[in-house]
Protein chains: 2
Amino acid sequence: MEKDNTYFGVKEIARRANVSIATVDRVIHNRTGVSEKTKKKINEIIKALDYQPNILASRLASRKIISLAVLLPKVSPETDFWEAPLKGIDRAQQEIKKYGVQVTTFLFDLNDHNSFNEQTKLILEGTFNGVLMAPSFVEEARGFVKACNKLKIPFTFIDSDIPDQENLTYIGPHLFQSGYVGAKLLTYRLKEKHKVLVVNISKDTDTYNYLQIEEGFRSYFKDHNLPGEIIRVDIKDTDSLSVTRDLKRILHTHEDIEAIFVTNSRVSAVASFLEKNKRGDISLIGYDFLKENVRYLNEGLIDFLICHKPEEQGYRGLMALYQTLVLGTAVEKVHFMPIDIITRENQAFYQN
Amino acid sequence: MEKDNTYFGVKEIARRANVSIATVDRVIHNRTGVSEKTKKKINEIIKALDYQPNILASRLASRKIISLAVLLPKVSPETDFWEAPLKGIDRAQQEIKKYGVQVTTFLFDLNDHNSFNEQTKLILEGTFNGVLMAPSFVEEARGFVKACNKLKIPFTFIDSDIPDQENLTYIGPHLFQSGYVGAKLLTYRLKEKHKVLVVNISKDTDTYNYLQIEEGFRSYFKDHNLPGEIIRVDIKDTDSLSVTRDLKRILHTHEDIEAIFVTNSRVSAVASFLEKNKRGDISLIGYDFLKENVRYLNEGLIDFLICHKPEEQGYRGLMALYQTLVLGTAVEKVHFMPIDIITRENQAFYQN
DNA sequence: CTGAAAGCGCTTACAG
DNA sequence: CTGAAAGCGCTTACAG
């Protein structure tokens, strides 16, 4: 049970370089106040010894704390999707708080662009070392990102991406491919000549997200030369009455719709409609492992749920900041989540 | 950037109890040599302060190292399945080696029961604090487990379980349900009245594993009253010639087989056969995200792969030992892996 | 530009 | 049964 002592630390480096460990510390952290000569000598020894700093000792000795800000949509009664990333963030926090990492959460209202700006203002007023955010409002997020860049605060995107920003990393789904998978799954339940409905239930229907998913969805049919028709409907009022009204109208106009693809987690609203109107014959696919959705999955009203590990997105997003700020190691610029397929049969063991 | 000092450590406990920190340390670790009276007093203070030990400081100060043994099948040319758990173990090791955890790997030959015994003997001769193992050979594993129990060495199972052992935890698939999912997926490609072939390619065909999977598979058809026939074949010689010979014979006898379910990762052998014999019309489902399998998935010869996150099994298995031995926290007795469904469309983003 | 010393929150002999 | 002291591998003022 003895530790092998082939290990070399700052002490050994200092001994070999004929300097004090304080000077070694300065070189390791690229601090000023060391002559080029000794700096070079020390760096050579570090390389020769393949020195790996002991993070435990480092974090223990340094009384610094690292403050991270998390900016996410509020969990709403309409969809509790955002619970999952928050849970992942919490898990990460539990894991790294011993290294002196502190997390403050800021929540905005998905129905109110202005609330996003209010929260970002609060973040900028604080003194945070890094930011994890869901850039749900593209324009507003762009402005915030600019401010972060100016302050040299690193930031991470989860859930959706904004191209060409200096974000540390994006952790989330490949939306196009996810829609592609959705189409593939739907074809299992389709006749030769399909008539399919794409439903988008959201206040911001023109969001980059949904367009990407739909494009992927349509591409599958195109790539495989599947004959038929894809109808789409935007439902901007997300309350159940509006959804019911709009769906009723559509299904009345297009009686022969065989399948519905919902581009987000509101699929339970459609499932509820199908149940009430005894249209269990229509195949239904949508997004996210929410309680309501899983209930309809188990009742057979939803055929498949697609899910992009929202909890893991939160976990990894925070860990990415930890890695750069504490460990100083590199992180990939993009990390796509798996496109998980959930059915009634495998749902019991799904890990968000 | 200052650490908040609402934190209480051994020093504060000692001050309040009017003892030295050494005595506090004794109580924290349940060591002998403390009077009942002071012990009680210290424990009360610990509770009142909700004291959380600083693991960093603890591991840094303690020069102890913890030795773990890993016992897995060798990666064979026939299937590189076992690469994944090893990778996960490696990742866990990288993460916890800073806490003084050392891992030694022992590999046995899946074609040779005796090699398992040889390796367990080596493990028992060493001085390990914990064991992570795949109990592929049930009888042999039982014997080894008995020895571990006698030495009070905690052990963890991954990939397959042996019921009623004193294992710390089992981390792996729910095999019955996995077969059930396989059947469900297969039905998407089936006509009204099905004729399905279950293929088991393995030297040990009577293994608990395969029986469980097959039972789940059959149960789906039973539960849903699907009419038809399920044929099964055991292929004990796993080389490609034998596989070809046996499959040829079966498909000759049963010309109307529509779909094949392979109970393990050797599904690529069947795919290869179907390709050569121009039987791409037959649906095919099998296990595991191996390079060969994914190739056939992309070529459309395999319809679905089912996968149980082998890498994560290795990772979590090792972390479970770390949690009990280093952190002293509890772990669940069973942790079932998700039953992942992989298609050509979502394979690019799969995480093992 | 550099070093001596104190300290992070624990553990570990050693002494009594 | 208990305590004083050294030490784990770093970081941080402070002094020069």
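Just so you know, these numbers come straight off a predicted model, no measurement behind them. Throughout, protein chains are lettered first and strands after them, A, B, ... in sequence-line order, and every chain is numbered starting at 1.
Between the A:Asn129 side chain and the A:Ser67 main chain, a donor and an acceptor come within less than 3.5 Å of each other.
Classification of the A:Phe137-A:Phe108 ring pair by plane angle, with boundaries at 30° and 60°, yields tilted.
The phosphate of C:dC10 has neither OP1 nor OP2 within less than 4.0 Å of any side-chain N or O from B:Tyr99. A:Arg31 has a side-chain polar atom (N or O) that falls below the 4.0 Å cut-off from OP1 or OP2 of D:dT12. The side chain of B:Arg59 places no N or O atom within less than 4.0 Å of a non-bridging phosphate oxygen (OP1 or OP2) of C:dG9. For B:Lys37 and D:dC1, the shortest distance from a side-chain N or O to OP1 or OP2 is not below 4.0 Å. Close to C:dC8, at under 4.0 Å from its OP1 or OP2, lies no side-chain N or O of A:Lys64.
Contact of the A:Leu107 side chain with the A:Trp82 side chain is not registered, since no non-hydrogen atoms from C-beta on lie closer than 4.5 Å.
Residue B:Thr38 is in sugar-phosphate contact alone, with no base atom involved, counting any heavy-atom pair closer than 4.0 Å across all strands shown. When heavy atoms are screened at a 4.0 angstrom cut-off, B:Gly33 is found touching base atoms of the nucleic acid.
No side-chain N or O of A:Glu312 forms a donor-acceptor pair with one of A:His335 less than 3.5 Å apart.
Heavy atoms of other residues, nucleotides or ligands lying less than 6.0 angstrom from NZ of A:Lys333 number more than 12.
The interatomic distance linking B:His29 (NE2) with C:dA13 (P) rounds to 14 Å, in whole Å. If you measure from atom CD of B:Glu12 to atom C1' of C:dC10, you get 16 Å, rounded to the nearest angstrom. Atom CZ of A:Phe8 is separated from atom P of D:dC10 by 13 Å (rounded to the nearest Å).
Counting only residues at least two apart or in different chains, salt bridge (charged side-chain N to carboxylate O under 4.0 Å, His left out) contacts with residues 37-53 of chain B comprise B:Lys40-B:Glu44. Listed by first and then second residue, the ring-ring contact (aromatic ring centres under 6.0 Å, His included) pairs involving residues 310-334 of chain B are B:Tyr99-B:Tyr322 (not counting sequence neighbours).
Using a 4.0 Å cut-off between charged nitrogen and carboxylate oxygen, A:Glu12 and A:Arg16 count as a salt-bridge pair.
Partners of B:Gln93 under the side-chain hydrogen bond (donor to acceptor under 3.5 Å, both in side chains) rule, at least two apart in sequence or in another chain, do not exist in this structure.
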Could you go through the side chain to side chain contact (heavy atoms under 4.5 Å, CB included) check for A:Phe106 and A:Thr120 one step at a time? CA-CA 8 Å; A:Phe106 298 84; A:Thr120 59; over 6 Å; no
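Screening B:Leu86, B:Ile89, B:Asp90 for a side chain to side chain contact (heavy atoms under 4.5 Å, CB included) involving B:Thr105 leaves a single residue, B:Leu86.
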Tell me, what's DNA chain C's dot-bracket, Watson-Crick or G-U with both distances under 3.5 Å, | for other-strand, [ ] crossing? |||.||||||||.|||
List, with names and distances, any nitrogen or oxygen atoms from the protein found under 3.5 Å away from nitrogen or oxygen atoms belonging to nucleotides 3-7 of chain C.
| residue | atom | partner | partner atom | Å |
| --- | --- | --- | --- | --- |
| C:dG3 | OP2 | A:Ser20 | N | 2.8 |
| C:dG3 | OP2 | A:Ser20 | OG | 3.3 |
| C:dG3 | OP2 | A:Thr23 | OG1 | 2.9 |
| C:dG3 | N7 | A:Arg26 | NH1 | 3.3 |
| C:dG3 | O6 | A:Arg26 | NH2 | 2.3 |

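Within residues 39-49 of chain A, no residue has a heavy atom under 4.0 Å from DNA chain D.
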